[in-house]
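Take a look at the structure below.
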Amino acid sequence: MAEIYTPAASLAPVLRQDAVSIQKTAPLARLSFRGRAEAQAAVAGALGFALPQAPLSAATGAGKVALWLGPDEWLLLAPEAELEAFEAAVNAAVAGLAASVTDISHRQDAVLVSGPRAAWLLNAGVPIDLALPAFPVGMVTRTLCHKAEVILWRKAEDQFVLECWRSFQPYVLEHLLDAARELSTA
Amino acid sequence: MLLISCPYCGVERPETEFRYGGEAHIARPADPSQLNDEEWAQFLYMRTNTRGLYAERWRHAHGCGRFFNAVRDTVSDKFVCTYKAGEPKPDLDALARASQEKDAR
Amino acid sequence: MSAHSQNSTQSTRLAHGGRIDRSRTLQFSFDGKVMQAHPGDTLASALIANGVHLVGRSFKYHRPRGILTAGSEEPNALVGVYRHGDQTPNLRATQVEVYEGLMAISQNRYPSLDFDVGAINDVLSPLFPAGFYYKTFMWPKAFWDKVYEPVIRAAAGLGKPPKLADPDHYANLYAHCDVLVIGSGPAGLAAALSASETGARVILCDEQAEMGGSLLSETGSTIEGLPAADWVAATLATLAQRDNVTLLPRTTAFGYFVQNFIALAERVTDHLAQPDANLPRERMWQVRARQVVIAAGAHERPMVFPENDRPGILLASAGRTYLNRYGAAAGRRVLVTTACDSAWAAAFDLADAGVEVVAIADMRATPPEPLREAAARRGIRVEAACVVTGTSGRLRVSKAMLGRLRNDGSVVSAGDVTCDAILMSSGWTPSVSLYSQSRGKVVWNAEHEAFLPGASVQRERSAGSCRGVNGLAAVLEDGYAAGEQAAEAATGAARKGGRLTATGGEASTGGYLGALPHDRNAGRVKAFVDYQNDVTAKDVQLAVREGMMSIEHIKRYTTTGMATDQGRLSNMNALAIASGALGAPLPQVGLTTFRLPYSPTTFGTFAGSSRGDAFDPVRRTPSHDWVVAKGGVFEDVGQWKRTWYFPQGSEDMHAAVARECRVTRQSVGQFDASTLGKIEVVGKDAAEFLERFYTNPWKGLKPGRCRYAVLLNEAGYIIDDGVVGRLADDRFHVTTTTGGAARVFAMMEDFLQTEWPDLDVWITSTTEQYAVIAVQGPKAREVIAPFVEGIDLSNAAFPHMSVASGRFAGLPCRLFRVSFTGELGFEVNVPARHGAKVWELINAEVVKQGGCVYGTETMHVLRAEKGYIIIGQETDGTVTPDDAGLDWAIGKKKFDFVGKRSLSRPDLVAKGRKQVVGLLPVDPKQMLEEGAQITAEANPAKGTPALGHVTSAYWSEALGRTIALAIVKDGRARHGEVLNVPMPAGAVPVKVVDPVMYDPEGTRLNG
């Protein structure tokens, strides 16, 4: 399956080191989905798979992703070019059902934090335990990085998606880059 | 920094992810116009402000976003339990007794 | 070649021994004097090796002081250390590691350490008893500000603060572990070893540069068949190889908070001569541990005898550490005085190293026989039932007076001994600081004569000498068991039941609490209890005589225990003295609270990377870079940077704002409104929800139309406002104030989740989804028309308060026809990533139309001319819709809405409430000050209540005069009245008018 989060081709990495790298990702279609159980089930029609119901979990397939953010809230992802079709498909799937579908493609920006020290670097600002047993691959959560709210999704043992509202990203990156300085030393 | 257990996420998280929401189990009157001034003032301003176990509202503001309820000991600042919104208020006296017995052991 | 000739300045460095690297010699300076040292030295050990004991002057009496300890509890040897051209004050020389080129200075002396004019305080000391400040600086009151405070401030404090901004950077790390072990002495090492064997995640921290604690100063003992120091090295190598272990030397556990949340301060680069600039100077570790093992050890107590503070007088364990760990002798002729066994080991090690031990004076009548035999074998003179009763020597101890303790408790002279160092020990105080910080209650143990940890309040256990376990073998066993138990409790891993074998390091017996008896004039001698605060035994006694019954009062009256060591050295002696003076058993006098930080911690460590622009998020709008390039001036609105005004050429703010106002009203203005909060309200019950939430009626609002919305709290007061547009039957676009966005969203969630969960409606923040560009003015339509597709912009099809979805410059767009200026206005909402581009496209058209960009100041002026309120400016949380003249926005026929019931509260319908009005100063050039009070009289009598206050005041370019908004009692009934705004330069007469001061008919708006 193609990765939904891809490095923004036009942008140089924010940070590139052996221990950890930070790369901005290309724009995505992002929909906030909220609704009742019947609508939650119906969204599968547009996604091709069921919404993940377990707290803090993600479901992926067929170029789409659904991230559990709360018991009635999911972040749905698709390639940027599919935004209008995706939004229409989800709206059609839940037509007449109790639900809300809202385009937030531009509200958030993401970076990929990758490398053997990725968890260490994030823990400079993220207070939750990112050790594998506590935060396994596939887990997704909203939390804080210093004072900014972020969505953190572990894609692999050494790779995380870190997404936040667009105006907060410079703040988050400034802290991460400051913390990463020492990794450049021998 | 306190750890608070979110009943919706099923995990403990640091308190900075949460926002306090005041005393729990105070329902907004269905028809406020039926309340006289005294009764409305009671609803608006009067809280039990218990010394000891207190049922209060919290919101996992930087997590799942849900409001839930918690029983916290206002003396020790310990959370006795958390539970989902809409679930009945626990028997605080029974919880207090259980807590004392646990401490005595 | 002897070591002495090789290291010419190191006069008391021994030829052999210690853990220093003798293959390299370092240069350092102290008060400008260059000396030599070896890698591995602390500043304190290097100074001692150079024969330097005098390192500071005491706080109150400016008495010469020397190095007392070898650890972080050091009260005397506080020094300033230079780094990046500035000095960091109050570092403990016992913790500062020497590197090539280290520059340190002494403190609290003028002009020099050897000759300090402040020492006059010592001569005048009868004038400075305990409570001196409280008694003296009471009156006359006029002296408080002008005389007493400057004098006290000049004399107060230790060291000088750095003058330059801190060039270093600091780091933060959140860490989690199964077992945190605090302290790497024998108990801590054993605990880390056994806990990590189970696979548990272990963090082991120690505040010293080298791990091993007391084992690094041991001689003669073995563990697992290895000399103690070798076992330390082998154990650390084992631990370092384990992936589940994190070793943190130079890391102080300084705070123990709830739920096993422990703060550690790691000193990352202070010990390096040329630290890599990319390394943080210090790192705060915020550790959440499932279980904690406190292996904090014990602190040796000074002996409280007269003149026990001269340079050259050290704790016995410190003398032994300097000898065994650093190869530095505390003196050439050393007196050892003690009440317990452990100090004898220091004497033996010194003698074995060739240093003359002039005597061991033990206050016990019969010290243990094996010790006396060992002394005899070395030819050391032993005096039993013997105490030191005084010392002499100006800048270094040169002589000690000895006294014989008689059975009746009195003391007779036992002659003098000449010496250049005295090692002393009153016994050991278990370190219960962190246990106490964890909210545990210490318990008095009569057998140990010590407070020991009681029951655990948190998931922690103490191990080793910090809980009174004594003797190497017992401490190792205790630590090993504690590590296993902690790991089992944390992870469920079964204990293996291993143990460590040891020889030597026998348990120390004996000990004494309080001031020693002597044969001197008690009123004239000073026997120090708290060195850093210059508190003597008689100060504590005086405090009791003057009525201080509680140890908490004694502490504050005398300042004992308030030094940087938080009483680690002084508390028990002070307590024993107070107990004697009060005639109450020691445990009844109680113990003061151990407060964090355990050791002083820098502000940099607390701040971490949160400094400068990174202290708080700086949120920028899509037009930001364009505005920067054009020289716009920003103001902070919450976390947002908003453009305040755009000066052109040499314009000042007034001129720029006047032009922006004029141009906008004449042709067109462009404004970045992206910071406005935006909330998408969706669902079949969306209108019902808004009906209940906002004051206004919503069910009748047609799709494509907007309405001004007022939000109250349940108490009936205005807390937010905005515009709500209906996009479809089940979809609304709600705007909030910039500052209220998060609050209103949370309040909506609250009602939806907890009061009306039956409603089918959900909210989503879209604040950052859209860039919002306001285009306002008579030419606004011309500006946007070239870009708009799919929306008929004619007045008939798209009147004031309309909303439509369409395309703008080919991009999806939500277009509002709204106005906060009173002019024809539009707000263009485009997806935020396109905001910068659309801003520039619009600007090109604005320029074509002779328009301009404007900032928040112009926005404020234009809306004030129209009498539009701003939440937080005209409102302050006590203003109702009626007060604000917004009665028309209340859906009075609605069944209910948030705050509705309160609007009929007696005090909200009472006469005499303050109402929003306009004010026109009688002098049209006179500017009012926001916040100024308003009265009827020009010169009101003192105590006259104000009628209200000015909430906004501006120069109105459109009206050619100054204007203001205000809230005034019964304001609407006062239109036409002249009131006064009393100011320091005289009252300003103002005419009360309707708040809508410009285009009251609204013809421009609907144009």
Side-chain angles (χ1 to χ4, degrees), chain A residues 32-37 40 51-58 66-75 100 102 104 107-108 122-136 138-154 162-165 168 171-172 175, chain B residues 1-31 54-91 95:
Chain A
S32 170
F33 171 79
R34 307 188 67 176
R36 299 207 190 275
Q40 291 169 21
L51 286 179
Q53 291 290 345
L56 312 178
S57 68
L67 304 177
W68 185 98
L69 295 181
D72 70 344
E73 182 181 358
W74 284 261
L75 177 60
S100 154
T102 302
I104 53 167
R107 186 180 80 175
Q108 287 157 210
L122 289 166
N123 267 144
V126 175
I128 63 176
D129 189 357
L130 298 180
L132 268 175
F135 202 88
M139 186 172 266
V140 62
T141 189
R142 262 192 298 236
T143 183
L144 290 168
C145 180
H146 293 281
K147 295 181 188 172
E149 182 179 294
V150 295
I151 293 171
L152 193 63
W153 180 26
R154 188 171 213 151
L162 181 69
E163 181 155 320
C164 61
W165 287 14
F168 288 95
Y171 168 85
V172 170
H175 279 283
Chain B
M1 190 156 55
L2 289 169
L3 286 175
I4 300 172
S5 180
C6 173
Y8 293 96
C9 292
V11 292
E12 277 192 326
R13 288 293 174 85
E15 66 176 296
T16 48
E17 288 188 9
F18 298 85
R19 289 290 176 276
Y20 184 64
E23 185 167 10
H25 304 291
I26 297 174
R28 189 173 187 275
D31 183 358
Y54 193 51
E56 58 196 17
R57 295 163 5 114
W58 286 82
R59 180 174 177 231
H60 197 182
H62 298 298
C64 66
R66 302 308 292 183
F67 280 86
F68 60 90
N69 294 324
V71 175
R72 184 177 58 99
D73 188 328
T74 58
V75 177
S76 68
D77 210 18
K78 274 186 190 154
F79 281 80
V80 176
C81 62
T82 57
Y83 51 102
K84 292 179 179 178
E87 290 180 356
K89 182 177 179 176
D91 181 342
L95 281 176

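Below, chain A is the first sequence line, B the second, and so on; all start at residue 1.
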Top contributor to chain A interface from B:Gly65, B:Cys6, B:Cys9, B:Pro14 [non-hydrogen pairs under 4.5 Å] = B:Cys9
Most contact-rich option vs chain B, by heavy-atom pairs under 4.5 angstrom, among A:Glu149, A:Lys147, A:Glu73, is A:Glu149
When heavy-atom pairs shorter than 4.5 Å are enumerated against chain B, which of A:Ala134, A:Pro127, A:Pro71 gives the highest number?
-> A:Pro71
Distance col, row B:His62:NE2 vs A:Ile151:CD1, nearest 0.5 angstrom, shows 13.0 Å
OG1 (B:Thr16) and CD1 (A:Ile128) are apart, to the nearest 0.5 Å, by 10.5 Å
Calculate, to the nearest 0.5 Å, the distance between atoms OG1 and NE2 belonging to A:Thr141 and B:His60 respectively.
-> 6.0 Å
Please flag which part of A:Leu56 lies under 4.5 Å from any non-hydrogen atom of chain B: side chain, backbone, both or neither.
-> side chain
Can you measure from CD (B:Glu17) to CG (A:Leu144) and round to the nearest 0.5 angstrom?
-> 5.5 Å
Can you find a heavy atom in the side chain of B:Arg66 that is under 4.5 Å from one in the side chain of A:Asp72?
-> yes
Minimum heavy-atom distance A:Trp68-B:Tyr8, with the two atoms named | CH2-O, 4.1 Å
